Amino acid sequence: MTEPRLLIVSNRLPVTVRTDRGELSVAPSAGGLATGLRGPHTKSDGLWIGWPGDVSHLDDAQRGSLDEKLEAMRAVPLYLEPEEVTRYYEGYSNGVLWPLFHYMVDRIPLVSTDWEVYQHVNQRFADLTVARYRPGDTIWVQDYQLMLVPGMIRERLPSATIGFFLHIPFPSSEAFRILPRREEILTGLLGADLIGFHTFSYLDQFARSMMRILGLDVEVDRLRYAGRNVRLGVFPMGIDAAHFSQVATSPELATEADAIRQRAAPCRILLGVDRMDYTKGLTRRLLAYERLLARSPELHGKVRLVQVAVPSRTEVDAYVTLKTQVDELVGKINGEYGTIDWTPIHYLYRSIPESQLIALYRAADVMLVTPVRDGLNLVAKEFIASRVDDDGVLILSELAGAASELGEALRVNPYDIDATAGAMAQALALAPEERRIRMSALRRRIMTHDVHRWVSLFLGTLERSATQREPAGARESPAEQIDAVVTSLRAAPSLLLLLDYDGTLVPFAATPPQAAPDEALLALLRDLARRPATRVHVVSGRPHQDLERWLGALPIGLHAEHGLWSRLTPDADWHRNIDPQTQWKDHVRPIVEQFVSSTPGSLIEEKVASLAWHYRMADPGFGASQAKELRLHLGALLSNQPLEILQGHKVVEIRMHGVNKGAIVPLVLSPEPSDEAILALGDDQTDEDLFAALPPSAVAIHVGPSDSRAPHRIPDPAAVRRLLQRLLS
Ligand SMILES: Nc1ncnc2c1ncn2[C@@H]1O[C@H](COP(=O)(O)OP(=O)(O)O[C@H]2O[C@H](CO)[C@@H](O)[C@H](O)[C@H]2O)[C@@H](O)[C@H]1O
Ligand SMILES: O=P(O)(O)OC[C@H](O)CO
């Protein structure tokens, strides 16, 4: 039997490709993701699919050699064309999604035409994954560059196990909604069985977007979409802490760290290590350092900021501008405060080897991690893991995802330059014992919550989510079952059809009056009524005036307000089946009206025996919570009254007991024993009363995904119409 494998799909392969005097070398990169996944990826005989970076300078022979070397590392390259690099990587991923997800809306270009290329490259990643997939494999897609990939793979592999992890923040729904292709992005992600985030706040924002943009209800950490369960989870990424600790403990590294300190003496070292990215807060950090120097002359000649910035996305305009700003600020501060003997800022614009990085972490007195927005931030964790001496102070932005885990750091609002300068002063003045207490608490967490734990938590949850997944379409009856129902109904000597209206014959509309029947529906009902030995009844919760206006001309029976009113034949008058009490409405109406005023977009609908509060057009989250509030409020108020409160699709309805759709069954069934077949179709809770009142021989079919007593299930009004059409042929 073949082993289940892990297929990782990320924009970039975790490899570094170098050519030295024509000689090509490929080395695994040291990044956290690469290290963390090395185990599961290689042990499971897995594959890592991604872009090996710009290899346009390689000739054909070198390209062939690269392919071979990558294959040996179980890496599958997806080469991007220059135009794809410009438009998918730089244009859409890093020109639109990156700034938007980090709340930098003003950095998004006024017009972006790169969506099609983003879509196209995501399709290429999905196609390559499907081509390399073997049944039983686990697919794990990474990050914002590939948000359409889960959905694209799901289309081709309906039963594959697919996970997705977002490494950057998920923004508030107010920011996310400005994205023109927001629906496609969300539905793309919903192709996964499990979607992971660094913090609960990102998960919560994602759930709100689901609700507000797609109208999907999220139950804390799960939702249903297209007949599947999708799990959401919080998995703050860890680092290979044991590795950092081990390197930091080595005697050579201790010597290197000492040498750095001695070279800086008598200065104490503040350290910054970042990709050169506008989200990392470099300019504000420099301004805060300048403020510290301005207000603490006693620190002149006694402190040094070492800022290491690795070049990143250097073809994107915003990054070019940032580099200029940082260069200028460093020059200005050094020019203003520096002396012959003292340079306030040592600035390196390059990537440095890991051992040097760890030596710097060990040598620093204060680590500055002050992004203006960051998904998590691994640098903060690398610093902690390297501090085997339990010393050093971490200043951490509260806008980095890592802040939710690292409570013992000195937390700052990076936009508050004064407070950040204050935190620098505080960190420098912190007593050794307090530094030790804080750092050892941080270390305990970082050493145990490492990247290996992160990987196994994510993959374990993914495996459980996928085993609990119902196969696609499981909530719908198999086609053969529906075929058998149609065959038996067609063969019956006579037929009675009991049809709900909203959500069954027509899809839901924004307001009740907008759900008027279309020509095709009118023709279908007319044809059914003309079918030999067939009786058609529409059983609705709507007022009888609506049904009369829309369906009155048809040769069918009509039942309004959940069975309060009936018009059994076209030439009969509307008849009230129960004499309703209506005094209660005078108490309830003002309460519902209060909810209309306090919930923009909601409205009240008054019927003879009921009042309905509709909130389909209200903000979905607020609407749902107001509906709960209204139900609780009325439940307490009306507990002794012969009334019931029903929750329907975006509607709360208050009506008299005993007025329900089941009440029409005795009116329409033949009093004599009969071999007439009965088919009832309905989508919500009120139709359950009808199903319950039917004789056992009747066929009940539920429409949609919610629970029902009906033994059969079809997805939506379009499927209802197709089924009814088949009774005609
Ligand atoms: N000059 C230099 N030389 C060598 N190495 C350097 C360097 N400067 C930085 N690095 C390394 O680059 C990595 C940067 O990781 P971060 O988490 O800080 O941010 P990044 O934005 O790349 O990652 C994205 O993914 C990670 C992981 O999910 C999230 O933490 C983050 O919020 C998200 O934006 C660290 O491993 C660091 O050591
Ligand atoms: O250099 P990039 O654009 O691949 O960015 C890598 C970062 O870690 C973003 O997740």
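Note that ligands are numbered from 1 as they come in the structure, with each ligand's atoms numbered from 1 the same way. FYI, the numbering just counts along the sequence from 1. This is a predicted model, so every value here is computed, not measured.
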Student: In terms of the angle between their ring planes, are F165 and H167 parallel, tilted or perpendicular, with boundaries placed at 30° and 60°?
Tutor: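 Plane angle over 60°, so perpendicular.
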Student: Indicate the ring-plane relationship of Y92 and Y118, choosing parallel, tilted or perpendicular according to the 30° and 60° boundaries.
Tutor: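 Ring orientation, 0 to 90° scale: tilted.
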Student: Taking only heavy atoms of L357, which atoms of ligand 1 are found under 4.0 Å from at least one of them?
Tutor: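 That gives atoms 38 (O) of ligand 1.
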Student: Below 4.0 angstrom from a heavy atom of G375, which ligand 1 atoms are there? Numbered from 1 as shown, please.
Tutor: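 Taking each heavy atom of G375 in turn, ligand 1 has 32 (O) under 4.0 Å.
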Student: Can you tell me which residue and heavy atom of the protein come closest to atom 8 (O) of ligand 2, and the distance to 0.1 Å?
Tutor: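 Residue, atom and distance for the closest contact: R275 NE, 4.4 Å.
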Student: Students should be able to answer this: which protein heavy-atom is nearest to atom 4 (O) of ligand 2, and at what distance?
Tutor: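 Looking at atom 4 (O) of ligand 2, the protein heavy atom closest to it is R12 NE, 2.7 Å.
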Student: Taking the non-hydrogen atoms of R350, is any one of them nearer than 4.0 angstrom to ligand 1?
Tutor: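 The answer is yes: ligand 1 sits under 4.0 Å from a heavy atom of R350.
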Student: Sub-3.5 Å donor-acceptor pair from the side chain of S10 to the main-chain atoms of R12, do we have one?
Tutor: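 Yes, the answer is positive, given that a donor and an acceptor are paired below the 3.5 Å cut-off.
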Student: Okay, side chain of D416, backbone of A419: is any donor-acceptor separation there less than 3.5 Å?
Tutor: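 Indeed, once roles are kept as given, a pair shorter than 3.5 Å links the two residues.
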Student: Determine whether T370 and V412 satisfy the following criterion, side-chain contact (heavy atoms from CB on, under 4.5 Å), listing intermediate values before the conclusion.
Tutor: CA-CA 8 Å; T370 57; V412 291; 4.1 Å; yes
Student: Looking at the rings of F164 and W140, which for Trp means the six-membered one, are their centres under 6.0 Å apart?
Tutor: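 Not under 6.0 Å, so no.
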Student: Under the ring pair (Phe, Tyr, Trp, His ring centres under 6.0 Å) rule, what do W51 and F125 come out as? Steps first, then yes or no, please.
Tutor: CA-CA 10 Å; W51 175 45; F125 272 94; 9.2 Å; no
Student: Determine, using heavy atoms of Y144 and all atoms of ligand 1, whether some pair is separated by less than 4.0 Å.
Tutor: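 Flag not set, Y144 not near ligand 1.
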Student: So between L360, D274, V310, whose heavy atom ends up nearest atom 6 (C) of ligand 1?
Tutor: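 Ranked by closest heavy atom to atom 6 (C) of ligand 1, first place is V310.
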Student: With heavy-atom distances below 4.0 Å as the criterion, list the atoms of ligand 1 near V273.
Tutor: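 With V273 as reference, the close atoms of ligand 1 come out as 7 (C), 8 (N), 9 (C).
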Student: Going by the atom numbers of ligand 1, which of them fall below 4.0 Å from some non-hydrogen atom of R275?
Tutor: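 Contacts of ligand 1 toward R275, numbered from 1: 20 (P), 21 (O), 22 (O).
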Student: Classify the angle between the aromatic ring planes of F170 and F101 as parallel (below 30°), tilted (30 to 60°) or perpendicular (above 60°).
Tutor: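 The arrangement is perpendicular - the two ring planes meet at more than 60°.
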Student: Check each atom of ligand 1 against the heavy atoms of D374 and keep those under 4.0 Å away; list them by number with element.
Tutor: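 Selected atoms, number and element: 31 (C), 32 (O), 34 (O).
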Student: Against heavy atoms of K280, which atoms of ligand 1 measure under 4.0 Å?
Tutor: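 Those of ligand 1 that fall under 4.0 Å from K280 are 16 (P), 18 (O), 19 (O), 20 (P), 21 (O).
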Student: What pair of heavy atoms forms the shortest contact from I446 to A241, and how long is it?
Tutor: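 Between these two residues, the closest heavy atoms are O-CB, 3.5 Å.
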Student: Can a cation-pi geometry be assigned to R313 and W98, taking NZ or CZ under 6.0 Å from the six-membered ring centre and within 45° of the ring axis?
Tutor: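 The answer is yes, since R313 meets both limits relative to W98.
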Student: Nearest non-hydrogen atom to atom 29 (C) of ligand 1 belongs to which of H167, E382, M237?
Tutor: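 Looking at heavy atoms only, the winner is H167.
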Student: Should one rank I239, L376, I352, V308 by closest heavy-atom distance to atom 3 (N) of ligand 1, which comes out on top?
Tutor: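 Answer by nearest heavy atom: I352.
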Student: Is the contact between W98 and ligand 1 made by the side chain, the backbone, both, or neither, using heavy atoms and a 4.0 Å cut-off?
Tutor: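 Side chain only; the backbone of W98 stays clear of ligand 1.
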Student: Distance to 0.1 Å, residue and atom name: give those for the protein heavy atom nearest to atom 10 (O) of ligand 2.
Tutor: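 Looking only at protein heavy atoms, the one closest to atom 10 (O) of ligand 2 is D143 OD2, 3.2 Å.
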Student: I'd like to check which ligand 1 atoms, numbered from 1 as shown, lie under 4.0 Å from a non-hydrogen atom of V379.
Tutor: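 This gives 18 (O), 37 (C) as the contact atoms.
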Student: Could you tell me the residue and atom name of the protein heavy atom closest to atom 2 (P) of ligand 2, and the distance to it rounded to 0.1 Å?
Tutor: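 Looking only at protein heavy atoms, the one closest to atom 2 (P) of ligand 2 is Y89 OH, 3.4 Å.
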Student: Report the residue from V369, L360, L394 that forms a side chain to side chain contact (heavy atoms under 4.5 Å, CB included) with F383.
Tutor: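 The residue from V369, L360, L394 that satisfies side chain to side chain contact (heavy atoms under 4.5 Å, CB included) with F383 turns out to be L394.
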Student: Assess, by modelled atom type and distance only, whether the side chains of Y319 and D277 contain a donor and an acceptor separated by less than 3.5 Å.
Tutor: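 Side-chain D/A pair, Y319 to D277: present.
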Student: Check if H167 has a non-hydrogen atom at a distance under 4.0 Å from any atom of ligand 2.
Tutor: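 No, H167 has no heavy atom closer than 4.0 Å to ligand 2.
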Student: Can you report which non-hydrogen protein atom sits closest to atom 9 (C) of ligand 2, along with the distance?
Tutor: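 Answer for atom 9 (C) of ligand 2: R313 NH2, 3.3 Å.
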